Asker: 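Please find one structure pasted underneath; my questions will follow.
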Amino acid sequence: MTGISETATAATAAPADDATPPFRYTAELANEIELRWQGYWERHGTFHTPNPVGPLSDGYDAVPGEKAYILDMFPYPSGAGLHVGHPLGYIGTDVLGRFLRMTGRNVLHTVGYDAFGLPAEQYAVRTGTHPRTTTEANVEHYRKQLRRLGFAHDPRRSVATTDPEFFRWTQWIFLQVFNSWFDAEANGGVGKARPIAELEAEFAAGARPTPSEKTWGELTFAEQQKIIAGYRLTYIDEAPVNWCPGLGTVLSNEEVTAEGTSEIGNFPVFRRNLRQWMMRITAYADRLVDDLDRLDWPESVKSMQRNWIGRSTGAQVTFRLDGTKEYDDVSGDTPSIEVYTTRPDTLFGATYMVLAPENPLVNRIVAASWPNGTKDVWTGGAATPAEAVAAYRFAASRKSDLDRQESRDKTGVFTGAYAINPVNGARLPVFIADYVLMGYGTGAIMAVPAQDERDWDFAKAFDLPIIRTVQPPDDHDLDTAFTGDGPAINSANDDISLNGLGVADAKARIIDWLQDKGFGTPQVQYKLRDWLFSRQRYWGEPFPIVYDENDVAIPLPDEYLPLELPEVENYSPQSFDPQDADSTPVPPLARATEWGTVTLDLGDGPKTYRRELNVMPQWAGSCWYELRYLDPTNENAFCDPDVERYWMGPRDDAAPAGVKDPGGVDLYVGGVEHAVLHLLYSRFWHKVLYDLGYVSSEEPFRRLFNQGYIQAYAYTDERGFYVPAEEVTEEAPGEFRYQGKKVHREYGKMGKSLNNVVTPDAMCENYGADTFRMYEMAMGPLDVSRPWQTKDAIGSLRYLQRLWRVVVDEQTGDAVVTDEPADPETRKLLHRTIDGVRTDFANMNYNTAIAKLIMLVNHVTKAGGRVSREVAEPLVLMTAPLAPHIAEELWQRLGHDASLARGPFPEADPVLIKVDEVEYPIQVAGKVRSHVTVAADADAASIEQAALADPRIVELLAGAAPRKVVVVPGRMVSVVP
RNA sequence: GCCCCCGUAGCCCAAUCGGCAGAGGCAGGCGACUUAAACUCGCCACAGUGUGGGUUCGAGUCCCACCGGGGGCACCA
């Protein structure tokens with residue numbers, strides 16, 4: 001925890017002094033007004049949003065219009081508190097929510113806290129403070145900071161994932177997932193989750209055969225459960241996982257960077273086989289990809305998810321090994337190699353094969369000695385294939401993922417074995433090489449160097465033949481592979497010819513043939529792996545699972561929820577040397593020895609059970625929090641189905657034509673960094689809940705918007721130390737000084753270590769929350785990143801001061817508007833402004849809305865004299881979503897008793913927006929030469945006539961008839977001489 | 001290496017379907033107010049749209065190439 005107001009602030013609004021008029025809108029006055037109205041809103045429950053049914057339904061009958069569910073990605077409450085970058089999205093959603101509420105919508109908007117997580121735990125490890133203590137203090141601090149900004153949040157709906165009343169349902173949902181399996185046949189092959197009980201019934205009835213000799217009834221409970229575990233949507237598996245000794249925990253694939261380090265802390269991550277909880281997210285891979293098309297999301301996020309799921313279609317093909325070697329060591333069968341390929345059309349061009357070094361098949365196929373025809377480069381210098389393979393495997397095992405990436409040079413050794421190409425009987429030498437990964441496909445490939453760059457490189461390095469089976473275009477560099485489309489060549493046997501076919505047709509033809517002959521089948525592959533769900537940490541949700549004497553995982557019955565964390569002496573997972581790949585995780589809960597075993601009566605008398613000692617990852621709570629906001633006090637369900645249907649249910653009119661609306665939150669705003677973590681996990685959980693009938697929406701977030709980041713300049717002195725950014729001055733363009741000395745400017749994040757943090761607290765103190773909100777929205781469109789410049793905020797303060805003076809006399813504090821009507825010009829401007837501001841707000845174009853408001857204020861200010869109420873009131877109302885406190889204050893001073901939170905919002909008179917005359921620019925030879933003013937409803941012919949009659953144009957044409965005249969009604973006239 | 005997004009005034013940003021490059025703000029200059037300064041108010045100036053081609057009557061906007069910035073992916077067969 002740090003002090004938040006220690007930041008020095010050089011540029012601030014000038015303080016009020018004796019010379020300042022007594023009722024000027026200064027920072028001091030703004031602060032007084034803001035605190036007062038925040039108190040008012042809280043006392044009156046102004047932003048309590050009614051549900052259609054249930055305990056929060058008070059006031060629902062008075063709701064005038066449609067609902068709108070607006071959501072921010074909830075924050076992790078860190079000890080450092082907020083800086084000015086954090087609230088950007090929250091202000092954006094607040095402005096929209098306030099605007100919609102003023103126009104009659106029932107707006108649900110609140111904020112909660114993603115409060116389980118590593119920092120509080122690491123702080124606990126260092127200081128012994130319970131993570132709950134730290135977390136609750138941080139949440140309190142965040143609440144205060146956010147409250148000060150005047151958000152129209154429903155405070156009753158704010159939850160924290162660490163509340164037992166919240167994680168009780170996180171655990172409950174986990175159990176629903178545990179008690180479900182994915183029936184891929186269901187729903188016309190789309191597949192859906194179904195209760196495990198239905199699966200057990202199928203086994204028991206014999207409708208589904210057991211994978212053993214015995215019938216279901218003959219199997220023991222433990223044996224049955226072992227079979228069932230292979231179906232559950234969450235299950236324990238011994239599998240290669242990402243073990244991060246530096247953090248003392250395992251991590252999901254999504255939490256590991258491409259460099260093979262942990263996303264948090266940047267520690268090395270190692271692949272280890274460990275027993276861990278997994279979530280069968282891969283069962284949903286198709287739906288997760290396909291349903292992206294139904295979402296109103298940024299294309300970049302969609303493409304990141306598509307990429308992560310990595311669906312590809314191709315074929316699995318069987319290559320028989322050349323049967324000259326004795327393979328009767330195990331089964332007597334001649335082994336074969338299964339490969340996955342997306343290019344079965346290139347089968348005729350396969351010239352060798354590669355197994356991943358870790359592929360278990362390697363042991364069986366290694367030849368006793370180098371066969372005839374073995375080239376020197378294939379042997380790795382070893383005397384026998386076995387030696388070469390052993391040496392290569394050893395070397396490969398020593399390479400980290402990072403090492404593998406650093407060099408793309410192709411390495412490998414020959415196994416001494418040959419496989420037979422099913423399409424032409426060619427003998428293909430089988431290699432092992434680390435460019436083939438065990439974790440994808442079958443861990444084996446057919447290599448087609450002519451149509452694959454990697455295979456090309458390997459073939460060149462190992463002197464292997466290259467056969468082109470797709471005709472490259474004439475301009476193709478013949479020293480490279482050709483991976484594009486083209487007619488097949490060299491691709492025929494006695495039975496089938498692909499020659500002349502394009503890639504797609506050739507694929508279809510050969511797959512049919514392979515299937516016909518029993519050599520292969522069509523196959524879909526995914527990069528997505530199951531989600532590793534357990535963590536060796538303390539500060540997370542405990543699994544509601546116990547184990548019986550046979551190690552069978554038993555779900556805790558509902559009445560045992562929430563299962564709370566035990567008190568422990570020491571919060572740290574066992575700590576390890578970050579480089580120690582062979583260490584083994586030990587969860588902190590293992591220290592709670594009494595808690596770890598428990599005697600329960602789960603139906604067959606009291607028995608002793610062992611508890612699960614891992615906890616859930618931080619993503620668990622954020623997988624469903626948007627549902628809890630809807631019905632936060634419900635003790636019987638995570639959310640009432642009627643409430644969910646009202647706020648998130650699918651609606652025909654919410655999707656573009658031809659798209660079946662999946663439902664979900666109407667607008668979800670947050671940073672792009674969650675593109676494949678939170679946003680993929682929560683979609684998965686939501687789909688399970690949908691399949692099980694708990695929610696009516698198929699997707700959690702119908703529309704997603706990524707806000708930009710507020711970045712900041714940082715300055716280093718000649719020693720390289722960061723100096724306080726707020727005290728740096730620009731002496732000349734590009735020349736920056738701190739205390740007279742030159743400093744060097746950098747651009748990037750805002751952070752304590754860069755000495756450039758500006759807090760919302762400081763902005764409120766020096767300008768007021770309304771100015772701060774206004775400035776953040778005026779800086780540019782919400783989705784664009786921009787640099788923070790504290791001094792620029794003065795412009796927003798000036799606007800609010802002018803608005804204030806429109807209503808209030810700075811000397812007396814009295815309202816000064818007149819009841820005289822506005823002059824026609826002002827009235828027209830007003831209605832054009834209303835029209836534009838409405839559109840801009842609805843599209844979240846706040847910067848342009850602000851520009852229009854400033855124009856109107858400047859217009860009436862410039863005119864001098866008292867401003868008509870007819871203009872002043874709409875101005876105040878239109879400013880309200882952006883700067884709600886001053887707007888409430890002025891609204892009251894204009895004589896209104898009620899809050900403006902529910903409107904009215906001004907409406908533009910269509911008659912007044914209409915223009916009756918249009919000034920057309922006239923271009924001659926593409927250059928603007930003159931202007932002519934014509935009635936707005938004039939037809940093209942009369943516009944042309946007027947333009948050609950213009951003296952300047954007559955002069956330019958000098959009597960010649962124009963070759964062509966282009967008239968764009970409402971726009972311009974172009975004359976081609 | 002591949003893919004995506006963005007380059008408009010000193011700075012942050014506007015500019016419907018391709019139709020007069022400027023809405024707004026900051027900074028700057030001049031002036032009013034002030035004993036003075038700050039605040040406030042008024043007025044003013046400032047770019048031809050990263051570069052080079054192309055399409056068009058007309059290009060900031062569309063197409064191609066390149067340069068600069070940001071992001072994603074990176075042996076996924």
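Owing to the predicted nature of the structure, the values given are computational and were not obtained by experimental measurement. The analysis underlying the following values was restricted to heavy atoms, covering all of them including side chains, and did not include hydrogens, waters or symmetry mates. Reminder, nothing fancy here: chain letters follow the sequence lines and each chain counts from 1.
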Asker: Identify, with sequence neighbours excluded, every residue that meets salt bridge (Lys or Arg N to Asp or Glu O under 4.0 Å) alongside A:R805.
Answerer: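 A:R805 satisfies salt bridge (Lys or Arg N to Asp or Glu O under 4.0 Å) with A:E810 only.
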Asker: When you measure from the side-chain N and O atoms of A:T861 to the phosphate of B:C41, is any distance below 4.0 Å, counting only OP1 and OP2?
Answerer: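 Answer no for this pair, as no side-chain N or O of A:T861 is under 4.0 Å from OP1 or OP2.
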Asker: Would you classify A:I850 as touching base, sugar-phosphate or nothing, given that sugar-phosphate means primed atoms plus P, OP1 and OP2, and contacts are heavy atoms under 4.0 Å?
Answerer: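 Touches nothing.
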Asker: Below 4.0 angstrom from OP1 or OP2 of B:C26, is there any side-chain N or O of A:R798?
Answerer: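 Yes, because at least one side-chain N or O of A:R798 sits under 4.0 Å from OP1 or OP2 of B:C26.
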Asker: Holding to salt bridge (Lys or Arg N to Asp or Glu O under 4.0 Å), I want the full list of residues that pass it with A:K460, two or more places apart in sequence or in another chain.
Answerer: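 Scan of A:K460 (salt bridge (Lys or Arg N to Asp or Glu O under 4.0 Å), adjacent residues dropped) gives none.
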Asker: OP1 or OP2 of B:C57 versus the side-chain N and O atoms of A:K964: is any pair under 4.0 Å?
Answerer: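 Checking A:K964 against B:C57: at least one side-chain N or O falls below 4.0 Å of OP1 or OP2.
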Asker: Below 3.5 Å between N/O atoms, which protein atoms pair up with nucleotides 12-14 of chain B? Just atom names and distances, please.
Answerer:
{"residue": "B:C12", "atom": "O2'", "partner": "A:M779", "partner atom": "O", "Å": "2.8"}
{"residue": "B:C13", "atom": "OP1", "partner": "A:S785", "partner atom": "O", "Å": "3.4"}

Asker: Please state the C1' separation for the pair B:G68 and B:U51 - nearest whole angstrom.
Answerer: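 Straight-line distance between the two C1' atoms is 10 Å.
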Asker: Determine, for A:R306 against A:D293, whether the closest basic-nitrogen to carboxylate-oxygen distance falls under 4.0 angstrom.
Answerer: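 Yes.
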Asker: Using atom P in both nucleotides, what's the gap between B:C4 and B:C64 to the nearest angstrom?
Answerer: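 Each nucleotide's P atom is 10 Å from the other's.
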Asker: Using the C1' atoms only, state how far B:G28 lies from B:G71, rounded to an integer number of Å.
Answerer: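 Here B:G71 and B:G28 have their C1' atoms 35 Å from each other.
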Asker: In whole Å, I'd like the distance from the CG atom of A:L797 to the P atom of B:G24.
Answerer: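 Roughly 19 Å, once rounded to whole Å.
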Asker: Could you work out the separation of B:A45 and B:A9 based on their C1' atoms and round it to a whole Å?
Answerer: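 After rounding to an integer number of Å, I get 11 Å for this pair.
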Asker: Under the side-chain contact (heavy atoms from CB on, under 4.5 Å) test, which residues partner A:V784, sequence neighbours left out?
Answerer: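 With sequence neighbours excluded, A:V784 shows a side-chain contact (heavy atoms from CB on, under 4.5 Å) to A:P781, given in chain and number order.
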Asker: Sequence neighbours left out, what passes salt bridge (Lys or Arg N to Asp or Glu O under 4.0 Å) with A:D840? Give chain and number order.
Answerer: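 Expected list: A:K852.
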Asker: Once you apply a heavy-atom cut-off of 4.0 Å, does A:R802 come out as touching a base, just sugar-phosphate, or nothing?
Answerer: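 Since only primed, P, OP1 and OP2 atoms lie under 4.0 Å of A:R802, the category is sugar-phosphate.
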Asker: Measure CG/A:N307 against P/B:C4 and give the value in whole Å, please.
Answerer: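 Distance check: A:N307 CG to B:C4 P gives 13 Å.
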Asker: With sequence neighbours left out, what residues match A:R971 under salt bridge (Lys or Arg N to Asp or Glu O under 4.0 Å)?
Answerer: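 With neighbours one apart ignored, the set is empty.
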